[in-house]
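Before any comments, here is the structure.
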Amino acid sequence: MMEETIHAGTSLEEYQPETTLRVEDYEPYIGPEGVEKLKFLADLVDGKGWANLNSTFEGGGVAEMLRSLIPLARGLGINARWYGIRGSEEFFQVTKKFHNLLQGEEQPISLEEIFGAYLDTIHTNALKTYIVSDLVVIHDPQPAAMVMNGVIFGNVLWRCHIDTSEPNRTIWRFLLPYINQCAGAIFTMPEFIGPGLQVPLYQVAPCIDPMATKNRFNSKRQALDILAPLFQQYGVDPQRPILTAVSRYDIHKNQGTILKAFKRLREERKSGPPPYLIFLGNKATDDPEGDAILEKLKAEAGDDPDVLFWVNVADNDRVVGALMRIARGMVHISTREGFGLVVAEALWQGTPVIGSRVGGITRQVVDDKTGYLVAPMDVEAVAARMADLLDHPAAAKALGACGREHIRRNFLLPKLLECYLTLLRFYSGVHHDPPDFRLDDLAYSEIIHAVKREHPILAQAPSSILPSGMI
Ligand code: UDP
């Protein structure tokens with residue numbers, strides 16, 4: 001039963017899902033036992049509240065996941081909510097700097113930006129905030145300071161979706177008191193944990209929703225029909241192979257290197273039908289940098305008719321799924337990547353991924369099994385792997401099939417909901433044993449950092465902690 005009173009009073013903007021999702025509909029992917037497990041967990045936390053707070057309802061991976069998680073949780077009777085803080089363009093420019101700095105990018109930031117644009121906006125939002133819930137999850141740095149500002153009663157967890165393994169010290173130190181005020185923090189990989197955390201830590205991987213429009217598995221024919229208007233608009237010949245890159249335009253997404261590799265590929269390629277490179281990208285409302293990065297990329301591409309930019313397309317979700325479905329391969333070679341939902345989405349469409357040996361990509365791209373791993377700036381290697389996918393379609397298909405199974409076993413939405421319900425069960429006192437995805441030791445982050453300092457090579461090593469069922 002939903003408790004209507006529990007969140008009453010807050011005037012933050014709330015996401016209103018059009019519908020709820022039925023867990024039974026996920027049975028083809030997780031089996032009857034998976035459905036029963038979720039129902040069992042949900043029964044244990046019947047009537048408990050779970051609220052989420054972030055800074056945008058649209059664009060980017062966090063919004064993507066919450067858009068499915070909330071309806072599925074509600075379908076199971078959980079009082080699940082999603083609130084968004086509002087901010088001016090200036091606020092999002094500052095939080096984008098936070099994001100970049102936390103992921104190790106150096107750029108200037110002034111105290112005025114931190115204490116003016118950032119904290120002023122937090123205070124304005126705080127005046128509207130009155131959340132009472134058993135579990136409150138604050139996503140990413142943008143709303144992090146809300147934990148000590150708004151009126152929030154409940155167990156607050158900070159969910160970090162980015163790689164904060166080597167954060168800029170100033171910003172990390174600024175955020176630390178807020179994070180340490182929380183009842184715990186969730187990271188995608190232990191390697192991402194920044195120094196100085198004094199709260200329980202959890203490891204939870206992001207997931208994709210197999211029932212979401214973009215993740216429906218269309219036949220090639222259906223995919224081509226969905227893409228027909230865009231193919232016509234851009235004069236694309238559907239007989240020619242397509243390589244794609246799907247993401248926001250962001251410094252860490254490294255689209256410039258993809259373009260260079262594609263140009264190199266064509267210089268060296270003497271036979272076979274010429275491929276297209278299609279960049280599909282949208283803009284998140286909390287990301288003000290996209291335009292400049294896109295314009296630079298377009299200028300670098302020049303008037304190349306085989307390099308296409310599809311930006312904020314109509315019918316976005318069906319187009320994303322269809323393009324990933326028919327592409328020979330997707331290239332995602334970020335220099336930093338918390339997870340990269342697009343990798344999971346492409347693999348789920350049975351399309352192999354050329355991914356960089358970076359962050360969450362390494363959890364999804366298993367070299368030579370679900371795609372190929374490369375160093376993010378290695379133009380030659382990316383071009384060579386593009387050639388492999390184009391020249392060996394059967395092998396590419398086999399990689400894609402393996403990729404789909406890898407995602408099914410490890411990264412589908414029910415698994416993510418299971419983690420949140422387990423946290424809800426623990427934090428609402430229904431169950432006293434900590435979740436098994438809790439990282440044992442509160443000093444864990446210090447150990448990781450000490451080890452990395454002594455053995456710098458480990459800092460570059462891919463995750464040694466692989467999900468169960470990893471190929
Ligand atoms: N996306 C989209 N349309 C686009 C580009 C991206 O719907 O034109 C979606 C993409 O399918 C994925 C999300 O945006 O679900 C991006 O999540 P990811 O974790 O890959 O990156 P983030 O933007 O969070 O860094």
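Count residues from 1 along the sequence. Atoms within a ligand are numbered from 1 in the order they appear, just like the ligands themselves. FYI, side chains are in, hydrogens and waters are out, and symmetry mates aren't considered; it's all heavy atoms of this structure.
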Run the side chain to side chain donor-acceptor pair (under 3.5 Å) test against Glu27 and tell me which residues pass, sequence neighbours left out.
none

Write out all pairs satisfying ring pair (Phe, Tyr, Trp, His ring centres under 6.0 Å) with one or both partners inside residues 208-240, taking only residues at least two apart or from two chains.
Tyr234-Trp310

Tell me if a side-chain donor or acceptor on Thr362 pairs with a main-chain N or O of Gly359 at a distance below 3.5 Å.
yes

Quick one: does NZ or CZ of Arg67 land under 6.0 Å from the six-membered ring centre of Tyr15, within 45 degrees of the ring axis?
no

SB check Arg408 Glu405 (cutoff 4.0 Å):
yes

Under the side chain to side chain donor-acceptor pair (under 3.5 Å) rule, collect the residues that match up with Asp304, sequence neighbours excluded.
Arg266

Run through ligand 1 for me and note each protein residue having a heavy atom under 4.0 Å from it, chain first, then residue number.
Gly60, Gly61, Glu64, Lys214, Val246, Arg248, Lys253, Leu280, Gly281, Asn282, Asn316, Val320, Gly340, Leu341, Val342, Glu345

